[in-house]
Amino acid sequence: MNGDKILVVEDEKELGELVRDYLYVEGYTTILAHDGEEGLAQFHQEKPILAVLDIMLPNMDGIEVCRRIRKESTIPILMMSAKKSDTDKIIGLGIGADDYITKPFSPGELVARIKAHLRRYKHFSNQSEEENQDIMEYKDLKLDVKRHELYVKGEKVTLTAKEFKLLYVLLSNKGQVFSKEQLYEKVWGYTDFGDLNTVTVYMSKLRDKIESESTKPQYIETVWGVGYKFNDSL
């Protein structure tokens, strides 16, 4: 066992136990909860490194659990839902989820996504320590890499884990154009299961937080037909 704890909050007990069994084979310790309040309590007690949340949960839905976890932690959060509508997906990502999977799904696919998120999460943390670049500043932006904090004009702005990584990648490579595919691989850590519209959703959320006018972005430019870049000519 590698010691990493993963929180799975799923009211379908058989599905939750199946996911737990698959994660056990991969060496993870699974904390299993069957309703939202229990899941939130287990998060505080067990301090997991990643959370998998069903959207439809008794007592407290997965959206609210995600929102509360995100207020105090940057761990990766994956949402699950039986609904295939884009509405649930956008809501999930908008409140801080890092990924989304629709039921029914292959447990193997879920495990692959979990491993990819953990790989990127750990790599990002280790990389920032190795580079010893704790503070990145540009114009009105100040990125505290070690603390995972952003300040805009001196005011602290809360970012999700993926928003932070997205900004870090762009700011670390000012002037370089990245395609959606490249950003998805760098930030989410895989390409096989991804929806590239996720990049668009996150880019919009990030601009809302760092730009004075998100419809007229100064920091993150869209290079039409190619992708995005961080403006290095301000």
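- Side-chain N or O atoms of E10 include one that pairs as donor or acceptor with a backbone N or O of E12 at under 3.5 Å.
- With respect to E109 and R113, a salt bridge is recorded, a charged nitrogen being found less than 4.0 Å from a carboxylate O.
- If you check the side chains of H117 and K162, you find a donor sitting under 3.5 Å from an acceptor.
- Between V52 and I77 there is no side-chain heavy-atom pair separated by less than 4.5 Å.
- Taking the salt bridge (charged side-chain N to carboxylate O under 4.0 Å, His left out) definition, one finds that K174 meets it with nothing, sequence neighbours left out.
- The structure places CG of L118 at 5.5 Å from CD1 of I6, a figure rounded to the nearest 0.5 Å.
- Under a 3.5 Å cut-off, the side chain of R207 and the backbone N or O of I220 do form a donor-acceptor pair.
- Cluster annotation: F105 is connected to Y22 through the hydrophobic network of ILVMFWY side chains, with a link wherever side-chain heavy atoms come within less than 4.5 Å.
- No hydrogens or angles considered: nothing links the side chains of K103 and S81 as a donor-acceptor pair under 3.5 Å.
- For E14, the CD atom is loosely surrounded, since the number of other residues' heavy atoms within 6.0 Å does not exceed 12.
- Considering only heavy atoms from C-beta on, V19 comes within 4.5 Å of L110 through its side chain.
- With a 4.5 Å cut-off between side-chain heavy atoms of Ile, Leu, Val, Met, Phe, Trp and Tyr, the cluster of V177 takes in V223, V226.
- In this structure a side-chain-to-backbone donor-acceptor pair under 3.5 Å is present from Q182 to S179.
- Atom CG of L171 sits about 9.5 Å away from atom CG of L150, to the nearest 0.5 Å.
- When only modelled atom types and interatomic distance are considered, E149 and Y151 share a side-chain donor-acceptor pair under 3.5 Å.
- Put simply, NZ on K5 and CG on L23 are 15.0 Å apart, with the number rounded to the nearest 0.5 Å.
- Taking a 6.0 Å sphere around CE of M56, one finds it holds 12 or fewer heavy atoms contributed by other residues, nucleotides or ligands.
- Residue R20 holds its CZ atom at 11.0 Å from OH of Y24, rounded to the nearest 0.5 Å.
- Y138 approaches N231 most closely through the heavy-atom pair OH-O, 3.3 Å.
- Nearest heavy atom pair, residue T222 against residue Y228, reads OG1-CE2, 3.5 Å.
- Here the closest non-hydrogen pair linking D61 and I55 is CB-O, 3.3 Å.
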request  = Please test E37 against D35 for side chain to side chain contact (heavy atoms under 4.5 Å, CB included), starting from the C-alpha separation and ending with a verdict.
outcome  = CA-CA 6 Å; E37 290 183 353; D35 67 65; 3.7 Å; yes
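- Under the 3.5 Å distance criterion, the side-chain polar atoms of Q176 are left unmatched by any main-chain donor or acceptor of L170.
- Side chain of S73 to main chain of I69: no donor-acceptor pair is present (N/O by atom type, distance under 3.5 Å, no hydrogens or angles).
- Nearest heavy atoms, P107 versus L18: CG-CD2, 3.7 Å.
- With a 4.5 Å cut-off on side-chain heavy atoms, Y168 and V145 count as touching.
- For N197 (side chain) and T200 (main-chain N/O), no donor-acceptor pair under 3.5 Å exists by modelled atom type.
- Here NZ of K165 is found 12.5 Å from CG of L159. Values are rounded to the nearest 0.5 Å.
- Annotation: side chain of L57 is not in contact with side chain of H34 (no heavy-atom distance under 4.5 Å).
- By the 4.0 Å N-to-carboxylate-O rule, E163 lies close enough to K209 to be salt-bridged with it.
- Not counting sequence neighbours, the partners of E221 by the salt bridge (charged side-chain N to carboxylate O under 4.0 Å, His left out) test are K229.
- F230 places a side-chain heavy atom less than 4.5 Å from the side chain of L141.
- Residues G96 and C66 come closest through the heavy atom pair C-SG, 4.0 Å.
- Side-chain contact between M79 and D99 is absent, with no heavy-atom pair separated by less than 4.5 Å.
- A donor-acceptor pair is defined here as one N or O able to donate and one able to accept, closer than 3.5 Å; no such pair exists between the side chain of Q45 and the backbone of Q42.
- Between D54 atom CG and L15 atom CG the span is 8.0 Å, to the nearest 0.5 Å.
- Looking at N173, its side chain does come within 3.5 Å of a backbone N or O of V169 through a donor-acceptor pair.
- Remark: side-chain polar atoms of E46 are not paired, donor with acceptor, to backbone N or O of L7 under 3.5 angstrom.
- Listed here is the closest heavy atom pair of E211 and Y219: OE2-N, 2.9 Å.
- Ion pairing between a basic and an acidic side chain is recognised when a charged N comes within 4.0 Å of a carboxylate O; E137 and K142 show no such pairing.
- Contact of the L143 side chain with the F164 side chain is registered, since non-hydrogen atoms from C-beta on lie closer than 4.5 Å.
- One N or O on the side chain of H44 and one on the backbone of L40 form a donor-acceptor pair closer than 3.5 Å.
- Salt bridge status for D98 with R70: present, with a side-chain N to carboxylate O gap under 4.0 Å.
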ask   = Run the salt bridge (charged side-chain N to carboxylate O under 4.0 Å, His left out) check on R68 and E64 step by step: do they pass?
value = CA-CA 6 Å; R68 295 194 186 191; E64 182 60 25; 2.9 Å; yes
